[in-house]
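I have placed the structure first, in the form of structure tokens, so that the comments after it can refer back to it.
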Amino acid sequence: MKILGIETSCDDTGIAIVEKRPDGFKILADFVSSQEDLHSGYGGVFPSLAKREHQNNILPIFERSLRKAKMLKKTNGCFDGKKIKKLEELLERNLELFNQLKLFLEKYEKPDIDLISVTVGPGLEPCLYVGVNFAKALSFYWDIKIVKVHHLEGHIIANYINQTPDIAFPAIGLIVSGGNTQIVLAEKLGKYKIIGDTRDDAAGECFDKTARLLGLGYPGGKKISELASKAKTNNFNICLPRPMIHDKNFDFSFSGLKTAVLYEVKKRTGKELQSQEYKEEMSREIERAITEVLIKKVRKAAEKYGAKSLIMGGGVAANSVLRKQMKGLSKELRIGLSVPKLKYAADNAVMIALVPVLSKNFKEGTWKTIKPNSNLKINGI
Ligand code: KG4
């Protein structure tokens, strides 16, 4: 069985083709087109620009993926002109994509794909629509089944890509990305309960917004992390709050931290702000504040629910300090820890294609009914 994965929930356009085999799975193609450079000038993802980029990139990446998977075959003249009208309707809000797809369908025949697995939420709605509409168009034209996948479930499944994860259930999952910060209790793959969530900004968003205040560009997490690792001095005595760290619940709030950084930055002279030392010390303190809160809440959740392992996922899971601290925590609690390979911590389509292979938390849909839900909950698919 060959599965096409489609991911467009934020600023990465991902297409993957995965083959389910009796002994597991094989990745036949895996492409991600990043928009980092485009958004760096804005200090964050600009939804309408991101949508435009997804529209421009999704078909070329799809074509590359089919070529890589040796599934791209020239048509023998079976182009179905009658269906094109309906296709235009399905892609009426993505006309550029429709034009590209029409040319593609004239040229190539139906590939050997058995299932389309697409992210339907959560994410930026205009972006989600591009992936979902593309999936609907292919599903309709080639009569291929389609399944709806939750983006954060994908981040958990990412732990199974190119490694055998040390996961035992019940597990506590920390999913930290640009749009989400959740602690999830996983009874097994596909059975989740959200026990902690952010009340405002996500951890990645906090990294990105504070990086912007320091003039570091987007995405900020990586840049803050790099500067933080260089910090040696303590000349500025920066002390940021650790929001909600002592609260009994497992929720987070990072917008106050961003405001505290803003006030701290405002106290400084231009010369101080421009100094490398200030940027490094501030980055270290931002990283410490965010990771300390995350770790404290994960520890409490793991103890309360008797977790047998910890799982990480999402772009912020690439943070080396957070990885190190999660490792320390797992050793201290004597439970397993699974962290995705760096490449698969960020958004990608392999994790989306793998959800119907490894989990049961997905729903079949049809091109007639399927639509995105930008606020979808992990247990609400
Ligand atoms: O999961 P992801 O690729 O996209 C979504 O948000 O869905 O996560 C992107 C987020 C950004 O906020 C970025 O700043 C953050 O992950 N990030 C990091 C690091 N690398 C990426 N945050 C902290 N440290 C890093 N090394």
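Residues L4 and Y344 do not share a hydrophobic cluster, clusters being chains of Ile/Leu/Val/Met/Phe/Trp/Tyr side chains in contact below 4.5 Å. Neither L376 nor I157 shares a network with the other; the hydrophobic side chains, linked directly or stepwise wherever heavy atoms of I, L, V, M, F, W or Y lie under 4.5 Å apart, form separate groups for each. Under the 4.5 Å side-chain contact rule for hydrophobic residues, V355 and I6 do not share a cluster. Linking ILVMFWY residues whenever their side-chain heavy atoms come closer than 4.5 Å, directly or via other members, places I58 and L95 in the same cluster. Residues I175 and Y192 are members of one and the same hydrophobic cluster, defined by side-chain heavy-atom contacts under 4.5 angstrom among Ile, Leu, Val, Met, Phe, Trp and Tyr.
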Evaluate the side chain to side chain contact (heavy atoms under 4.5 Å, CB included) criterion for residues L310 and V298: first the C-alpha distance (whole Å), next the side-chain angles of each, then the deciding distance (0.1 Å), finally the verdict.
CA-CA 8 Å; L310 304 174; V298 170; 3.9 Å; yes
List the steps and the verdict of side chain to side chain contact (heavy atoms under 4.5 Å, CB included) for K209 and L213.
CA-CA 6 Å; K209 286 180 174 171; L213 292 173; 6.0 Å; no
Check the pair M282 / I224 against side chain to side chain contact (heavy atoms under 4.5 Å, CB included), numbers first and verdict last.
CA-CA 9 Å; M282 180 57 120; I224 288 206; over 6 Å; no
For H54 and F134, run side chain to side chain contact (heavy atoms under 4.5 Å, CB included): C-alpha distance rounded to whole Å, both residues' side-chain angles, the deciding distance at 0.1 Å, then the answer.
CA-CA 10 Å; H54 285 308; F134 186 59; over 6 Å; no
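Looking at heavy atoms from C-beta onward, M326 lies in side-chain contact with I295 at the 4.5 angstrom threshold. In this structure, E303 and L333 have side chains that are in contact, with non-hydrogen atoms separated by less than 4.5 Å. For the pair F140 and E89, the minimum side-chain heavy-atom distance is 4.5 Å or more. Within the 4.5 Å cutoff, side-chain heavy atoms of M312 are placed close to those of L322. Two residues are said to be in side-chain contact when any heavy atoms from C-beta on lie closer than 4.5 Å; V321 and Q325 meet this criterion. Residues C206 and F252 fail the side-chain proximity criterion, which asks for heavy atoms closer than 4.5 Å. Contact of the K68 side chain with the D30 side chain is not registered, since no non-hydrogen atoms from C-beta on lie closer than 4.5 Å. Taking 4.5 Å as the limit, some side-chain heavy atom of M244 sits within range of a side-chain heavy atom of N249.
Around CZ of F46, the count of heavy atoms belonging to other residues, nucleotides or ligands within 6.0 Å does not exceed 12. Heavy atoms from other residues, nucleotides or ligands lying under 6.0 Å from NZ of K110 number more than 12. Other residues, nucleotides and ligands contribute at most 12 non-hydrogen atoms within 6.0 Å of the NZ atom of K308. Within a 6.0 Å sphere centred on CZ of R242, other residues, nucleotides and ligands contribute more than 12 heavy atoms. Counted within 6.0 Å of NZ on K83, heavy atoms from surrounding residues, nucleotides or ligands total more than 12; the atom is thus considered enclosed.
The backbone N or O of D251 sits less than 3.5 Å from a side-chain atom of K297, completing a donor-acceptor pair. Panel note: side chain T119, backbone G121; no donor-acceptor pair is recorded below 3.5 Å. With hydrogens and angles disregarded, no donor-acceptor distance shorter than 3.5 Å links the side chain of S359 to the backbone of P356. Side chain of E364 to main chain of T366: no donor-acceptor pair is present (N/O by atom type, distance under 3.5 Å, no hydrogens or angles). A distance-only check finds a donor-acceptor pair linking the side chain of N361 to the backbone of I378 [under 3.5 Å].
How far CG of D197 is from NZ of K377: 5.5 Å, rounded to the nearest 0.5 Å. Remark: L152 CG to N180 CG distance equals 4.5 Å, nearest 0.5 Å. Separating the NZ atom in K300 from the CD1 atom in I195 is a distance of 10.5 Å, to the nearest 0.5 Å. With rounding to the nearest 0.5 angstrom, the CG atom of N348 is 12.0 Å from the CD1 atom of I15. Note: L185 CG to F169 CZ = 10.5 Å, rounded to the nearest 0.5 Å. To the nearest 0.5 Å, the span separating NZ on K258 from CG on D208 amounts to 11.5 Å.
With 3.5 Å as the limit, one finds a donor-acceptor pair spanning the side chains of H151 and D347. There is no side-chain donor-acceptor pair under 3.5 Å between Q35 and S33. Of the N and O atoms on the side chains of D201 and S255, not one donor lies less than 3.5 Å from an acceptor on the other residue. Checking T233 against E281 by side-chain atom types alone, a donor-acceptor pair falls below 3.5 Å.
Scanning all heavy atoms of the two residues, the minimum distance from S34 to D12 falls at CA-OD1, 3.4 Å. Contact detail for S374 and E125: the closest heavy-atom pair is OG-OE2, 3.9 Å. In terms of heavy-atom proximity, E205 sits nearest to D200 at OE1-O, 4.5 Å.
The six-membered or imidazole ring of Y160 lies away from that of F25, with a centre-to-centre distance of 6.0 Å or more.
Partner L115 forms a side chain to side chain contact (heavy atoms under 4.5 Å, CB included) with one of I3, V357, I146 and no other, that one being I3.
In summary, E63 and R67 engage in a salt bridge, as defined by a charged side-chain N under 4.0 Å from a carboxylate O. A salt bridge links K267 with E264: the closest approach of a Lys/Arg side-chain nitrogen to an acidic carboxylate oxygen falls below 4.0 angstrom.
The aromatic rings of F104 and F62 sit tilted relative to each other, their planes meeting at an angle between 30° and 60°. The aromatic rings of Y218 and H39 sit perpendicular, their planes meeting at an angle over 60°, well past the 30° parallel limit.
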